[in-house]
Amino acid sequence: MDSESQMSAGEQRVRVLVAKPGLDGHDRGAKVIASAFRDAGFEVIYTGLHQTPEMIVAAAIQEDVDVVAMSVLSGAHMTLFPRVKALLDEAGATDILLTGGGIIPEDDVQALLAKGVGRLFGPGSPTTDAVAYIRSWFEERETAREAGQGAGG
Amino acid sequence: MVSPVPPLATELPASLRPLVEGIRSGNRLALARAISVVENERPGFQALLHTLLTPGEGHAGPPGSRVGITGPPGAGKSSLVTAMARAHMEAGDQVGVVAVDPTSPYSGGALLGDRIRMNDLATDPRIFIRSMASRGSLGGLATTTTEVMDVMDVAGFPRLLVETVGVGQTELEIAGTADTVVVVLVPESGDGIQAMKAGLMEIADIFVVNKSDRPGADRLVREIRTALHYRAGDARKVRVPAHHGVDLSGGIAQAGGIAQAGGSGPARGEEGKGGDADLSKAPPSWTPPVLQTVAHAGEGVAGLLAAIEDHRVWMLESGELERRRLARTTTRVRDVMDRELKRRVRRLLADSTVAGPALGAIASGGSTPYSVAARLLEGFS
Ligand SMILES: Nc1nc2c(ncn2[C@@H]2O[C@H](COP(=O)(O)OP(=O)(O)OP(=O)(O)O)[C@@H](O)[C@H]2O)c(=O)[nH]1
Ligand SMILES: [Mg+2]
C-alpha cells in the first residue's frame, strides 16, 4: 500500500507535542516516548529539554497539536501541569489533551484529573499504554466533532 | 447525468468562517487551525485558500519573500534558520517558518525535531513556526507546503523561511516554491561530492558552508567553487559563439566567469554593477556565492542575509523573479487540478454502485480496465 492509500485526504494524523519542562537534566525518557509515538503513526513534535510552560503552549498552539505529553520527573508536576493547562485554556485551546508521565503519587494524579488534566503514566508503564490511551481519546474526540458538525459533509 | 462527485467549491463553508475572521484579527490559534485544515485537505480547504488569497479579503499586496534552506541531515539548517529569523525580527519583520521532516515509511508517523533549535524564539509574537511531515511526498516538501506558506503569508508572516532535509534527488521541489534556495553543507563527510551527485548544485542560489569552525571548511569552499566554475564553463561553451569579442552575451558570461574565478559572489559589495548596461540584451547570469557560517554562534549570518538580498535584487532586475513566480503559478494551477481529479477518481471508485458493476463487467470479460476507465472519465468533462 502506498502512503496515499494509507491516509486518504481529509483524514487526520494524531499530532502530539512531547515536551520536557523544568530543570532536570536528561531527556532519554522523553525521546523514548517520542520514538514510540512516531512508530505508532503519530506526528510528534519534539522540543527538547528545559521548556517553560509558555514555550510549551506556544509550540502547542502554533503546531495545532491534538495532545501535549509532558514528562515531569522533577517533582514539580503540581505546578507544571496546572500551569500548562491554564495557558492552553487561556489561548482558547480547551480541546487539547494534556497528558504525561513521571513519578506522581496517586493523590496528585487524582487532584490533577480534577483540574482537567488527562491520564498520567508512571515511570514503569509501557509506552503502548500511552499510545492506546491517546488513540482512543482521539477517536472519541473526532466522533464528537463530527456529530457536532452534523451530517453535512 | 448527475455526477456523484461535488465540484471544486470556492464558496467558504460556514464552519470555516470563524477561522478566516480569527486570522484577520491576528488570532494565532485560528491561523494554526487553518493550516491544519489545509494540511489535512479537510472539506472546504480549497474554498478556505481561495477566500484567504482573494485580494481585498484580508490580503493586500504582493506575496512576501520565500527562502528555502536545504542540505543534509544535521548540517545546521535549523540553527541557521533560527539565526536568520532572529535578524529579521530585530529588523522589524514578521517571520514565518515551515520546517519539513520526512514521514516514516514504516509507520506513517514522523518525528519533527526542528523546533529544538528555535525554542527561544517561539514565544515571540513576531514569529510563527510550523513543523510539517512530508507524508509520503517524494519531493522533499509535503504536497501542501506551498499552500501552508500562503496561509502564513496572508496571516501577517510574509518573511517566510522553509527548511527541508536534502539527501538525494528528492530536494528539487524546494526550488519550485522558494524565491531563493540556500544549500547548506558541512566540512565533514565529503559533502561537496554528495551535493553534486544529489543535484543540489543545480538548485542552489547560494551555498553556505556551515560549521566553518571545523577543519576542512576552506577545502569544501574551494571544492564547491571549482564545481561551479566547471559548470559555468560548460554553460559558456554552449552560449558563446566562436569569436566572442563582439558578442554581448559572451561578454556577460565571461564577466560571470571572472567573478567565479575571483571566488566572490556576484555584485557583492560592488555598487556599480558592470552588467547593468547590458540588461536589455540579456540578463547577467547569477553565480551562486559560497559563504561560510558558524550557525549556532550567529557568525556569517549577516553576510548570508546580504547575499539573499543581492539575489532578490538580481532576480527583480533580471526578470527572473517574475519568471519563477509565473512558473510557480502554473505549477500551482496544475497541482490543484491534479489533486482534484485524483480526489474525484477516488471518490467515484469508492461508490459501490459505480465500482461494483464496473468491476463485475471486467470480471465477466465484458470490459477491460481501459474501457471502464474511459467510460467513467466521460463523466468528468
Ligand atoms: N560546531 C558547529 N556545530 C553546529 C553549527 N551549526 C549547528 N551546529 C550543531 O549541529 C547540530 C545540528 O544542528 P541543526 O541546526 O539541528 O541541524 P539541521 O540541519 O537542522 O538538522 P536536521 O533538521 O536534523 O537535518 C546541533 O547540535 C547544532 O548545535 C556550527 O556552525 N558549528
Ligand atoms: Mg533541522
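Just so it is clear: chains get the letters A, B, ... in the order the sequence lines come, proteins before strands, and each one is counted from 1.
- Atom CD of A:Glu140 is surrounded by 12 or fewer heavy atoms from other residues, nucleotides or ligands within 6.0 Å.
- More than 12 heavy atoms of other residues, nucleotides or ligands lie within 6.0 Å of CD in A:Gln110, so this atom counts as buried by the packing criterion.
- Scanning both residues, A:Ala93 and B:Arg33, for their nearest heavy atoms gives CB-NH2, 4.4 Å.
- Residue A:Ala59 touches chain B through both its backbone and its side chain, counting heavy-atom pairs closer than 4.5 Å.
- Rounding to the nearest 0.5 angstrom, the gap separating the CZ atom in A:Arg15 from the CD atom in B:Glu39 is 5.0 Å.
- Atom-to-atom distance recorded for A:Ile45:CD1 and B:Leu112:CG is 5.5 Å, nearest 0.5 angstrom.
- Scanning both residues, A:Thr47 and B:Asn119, for their nearest heavy atoms gives O-ND2, 2.6 Å.
- Remark: the backbone N or O of B:Ala110 is not paired with any side-chain donor or acceptor of A:Glu43 at under 3.5 angstrom.
- Considering all non-hydrogen atoms of both residues, A:Ala58 and B:Ala122 come closest at CB-O, 3.6 Å.
- Contact of B:Ile127 with chain A is made through the backbone alone, with heavy-atom distances under 4.5 Å.
- For A:Asp64 and B:Ser36, the side-chain atoms include at least one donor-acceptor pair closer than 3.5 Å.
- Of the listed residues (B:Leu111, B:Leu31, B:Thr123, B:Asp114), the greatest number of heavy-atom pairs within a distance under 4.5 Å of chain A belongs to B:Leu111.
- Using a 4.5 Å cut-off between heavy atoms, A:Ile96 touches chain B through its side chain atoms alone.
- Side-chain N or O atoms of B:Arg130 include one that pairs as donor or acceptor with a backbone N or O of A:Gln62 at under 3.5 Å.
- In this structure, a donor-acceptor pair under 3.5 Å is present between the side chains of A:Glu63 and B:Ser131.
- The residues B:Asp101 and A:Arg38 are annotated as not salt-bridged, no charged nitrogen and carboxylate oxygen being separated by less than 4.0 angstrom.
- Proximity of a side-chain donor or acceptor of A:Arg13 to a complementary backbone N or O of B:Ala133 within less than 3.5 Å is not detected.
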